[in-house]
Protein chains: 2
Amino acid sequence: MSCETETVKVLRDTGHKATPQRLMILAALRHADGHLTANDIYGQVQVAYPYVDISTVYRTLGVLKELRLVSETDMGSGDTTYEWVQQHGRHHHLICRTCDAVTSLDHQYLENLGAGILAESGFRPDLDHFAIFGVCAECQPRS
Amino acid sequence: MSCETETVKVLRDTGHKATPQRLMILAALRHADGHLTANDIYGQVQVAYPYVDISTVYRTLGVLKELRLVSETDMGSGDTTYEWVQQHGRHHHLICRTCDAVTSLDHQYLENLGAGILAESGFRPDLDHFAIFGVCAECQPRS
DNA sequence: CATCTTATTGCAACCAGTTGCAAGTACAGT
DNA sequence: ACTGTACTTGCAACTGGTTGCAATAAGATG
């Protein structure tokens with residue numbers, strides 16, 4: 001089964017409909033290789049179909065987020081980005097609040113955190129994509 | 001030195017001014033025992049001084065956040081809350097995306113995560129107050 | 001205490017994201 | 001293929017939060 005029809009099946013099985021708008025939004029997310037803002041997606045979809053509404057984009061992203069098909073990340077600076085969730089290659093971001101540099105963080109750290117939380121309380125955290133703010137090595141005050 | 005004048009000193013030392021508006025916002029944050037939204041603070045300050053602007057509240061919260069005197073947490077449901085940062089009693093929240101229940105998480109877990117990140121990359125993460133979304137024990141699908 | 005510099009304020013316009021609603025459409029059942 | 005219903009859409013109004021700007025006030029300096 002192709003990746004596309006697989007997603008459609010997930011939608012239907014959860015009581016959602018596979019509308020053209022949603023398929024276009026899905027395509028935009030899948031073909032992008034990085035983070036996209038809601039506006040990026042809106043722009044891309046408008047090329048094929050100029051009458052979509054931005055609220056449809058947000059509502060679709062909400063559904064996909066709920067189904068854990070996309071991750072939502074607040075990267076600071078007022079832009080929320082969305083990304084197609086891959087099975088492998090999960091990554092997280094360390095964002096320096098002094099110089100705004102973004103570096104990657106291995107998923108293992110959060111995996112450990114998640115396992116600890118689950119063992120203690122039975123709560124299963126979503127750890128698809130985290131943005132952690134702080135101060136990078138370069139920007140730390142010399143002692 | 002009282003806690004109040006201590007804060008004023010921190011402001012001045014970092015090139016900020018101790019205006020009446022800021023002092024009122026500080027008082028509101030300090031006297032609250034839990035999380036406050038920007039609007040809560042706005043309302044409280046207006047009692048004493050009806051002409052403050054909501055943008056002043058947000059700008060002050062931004063300054064205090066930068067100085068690490070308050071923590072900002074997105075609790076989901078579109079409300080961002082602010083809280084005076086205590087030296088002790090740091091806590092975090094586990095928010096269930098199915099039933100919206102909020103439970104607390106011991107700071108130790110994040111302390112460990114922070115130490116790991118610092119050791120690996122020299123990045124010093126802000127871990128004042130986290131909200132972690134996921135599914136609580138009750139809401140997990142029975143297997 | 002008068003003066004000067006610089007941060008801050010209030011205002012209004014603005015931006016990202018959400019919501020209520022009537023009209024439209026996917027798709028399950030027949 | 002037709003029908004009915006529940007989900008979805010586009011629109012417009014709205015909310016939370018941000019920003020540019022001219023006027024103002026804090027507080028350092030002499």
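Just so it is clear, the model here is predicted, and its values are computed rather than measured. Quick note: numbers below take in every heavy atom, side chains included, and nothing from hydrogens, waters or symmetry partners. Below, read A as the first sequence line, B as the second, and so on, with proteins coming before strands; counting in each chain starts at 1.
Rounded to an integer number of Å, the gap from OH of Tyr42(A) to P of dT18(C) is 15 Å. The CD1-C1' distance, from Ile54(B) to dA12(C), rounds to 15 Å in whole Å. Protein atom CD of Glu72(A) is 13 Å distant from nucleotide atom C1' of dT18(C), rounded to whole Å. Between the P atom of dA16(C) and the CG atom of Leu61(A) lies a distance of 15 Å, rounded to the nearest Å. If you measure from atom NZ of Lys9(A) to atom P of dA28(C), you get 11 Å, rounded to the nearest angstrom. For Arg12(A) and dA28(C), the CZ to P distance is 6 Å, given to the nearest whole Å.
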Sequence neighbours left out, cut at 3.5 Å: what donor-acceptor pairs do the side chains of residues 54-61 of chain A make with other protein atoms?
from, atom 1, to, atom 2, distance (Å)
Ser55(A), OG, Asp53(A), OD2, 2.7
Ser55(A), OG, Arg59(A), NH2, 3.1
Thr60(A), OG1, Thr56(A), O, 2.9

Pairs of donor and acceptor atoms involving the side chains of residues 38-46 of chain A, under 3.5 Å and at least two apart or interchain, shall be tabulated with distances.
from, atom 1, to, atom 2, distance (Å)
Asp40(A), OD1, Thr37(A), OG1, 3.3
Asp40(A), OD2, Thr37(A), N, 2.9
Asp40(A), OD2, Thr37(A), OG1, 3.2
Tyr42(A), OH, Gln46(A), NE2, 3.2

For nucleotides 5-9 of chain C, give me every protein contact, N/O to N/O, under 3.5 Å, one pair per line with atom names.
from, atom 1, to, atom 2, distance (Å)
dT6(C), O2, Lys17(B), NZ, 2.7
dA7(C), O4', Lys17(B), NZ, 3.4
dT8(C), OP1, Lys17(B), N, 3.0
dT8(C), OP1, Arg22(B), NH1, 2.2
dT8(C), OP1, Arg22(B), NH2, 2.9
dT8(C), O5', Arg22(B), NH2, 3.2
dT9(C), OP1, Thr19(B), OG1, 2.8
dT9(C), O3', Gln21(B), NE2, 2.9

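At a threshold of 4.0 angstrom between heavy atoms, the contacts of Ser55(A) include nucleobase atoms, whether or not backbone atoms are also involved.
Here Arg12(B) pairs with nothing under the side-chain hydrogen bond (donor to acceptor under 3.5 Å, both in side chains) rule; sequence neighbours left out. Scanning for side-chain contact (heavy atoms from CB on, under 4.5 Å) contacts around Ser104(B) gives His93(B), with sequence neighbours left out.
Gln140(B) contributes a side-chain N or O that, together with a main-chain N or O of Gly122(A), makes up a donor-acceptor pair within less than 3.5 Å. Here the side chain of Arg22(A) pairs a donor or acceptor atom with the backbone of Lys17(A) at under 3.5 angstrom.
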**Q.** Working for side-chain contact (heavy atoms from CB on, under 4.5 Å), residues Leu118(B) and Phe123(B)
**A.** CA-CA 5 Å; Leu118(B) 181 61; Phe123(B) 185 97; over 6 Å; no
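Bounding nucleotides for the chain B contact on DNA chain D, 5' to 3', at a heavy-atom distance below 4.0 Å, are dG16(D) to dG27(D).
Linking Ile, Leu, Val, Met, Phe, Trp and Tyr residues whenever their side-chain heavy atoms come within less than 4.5 Å leaves Phe133(B) and Leu127(A) in two separate clusters.
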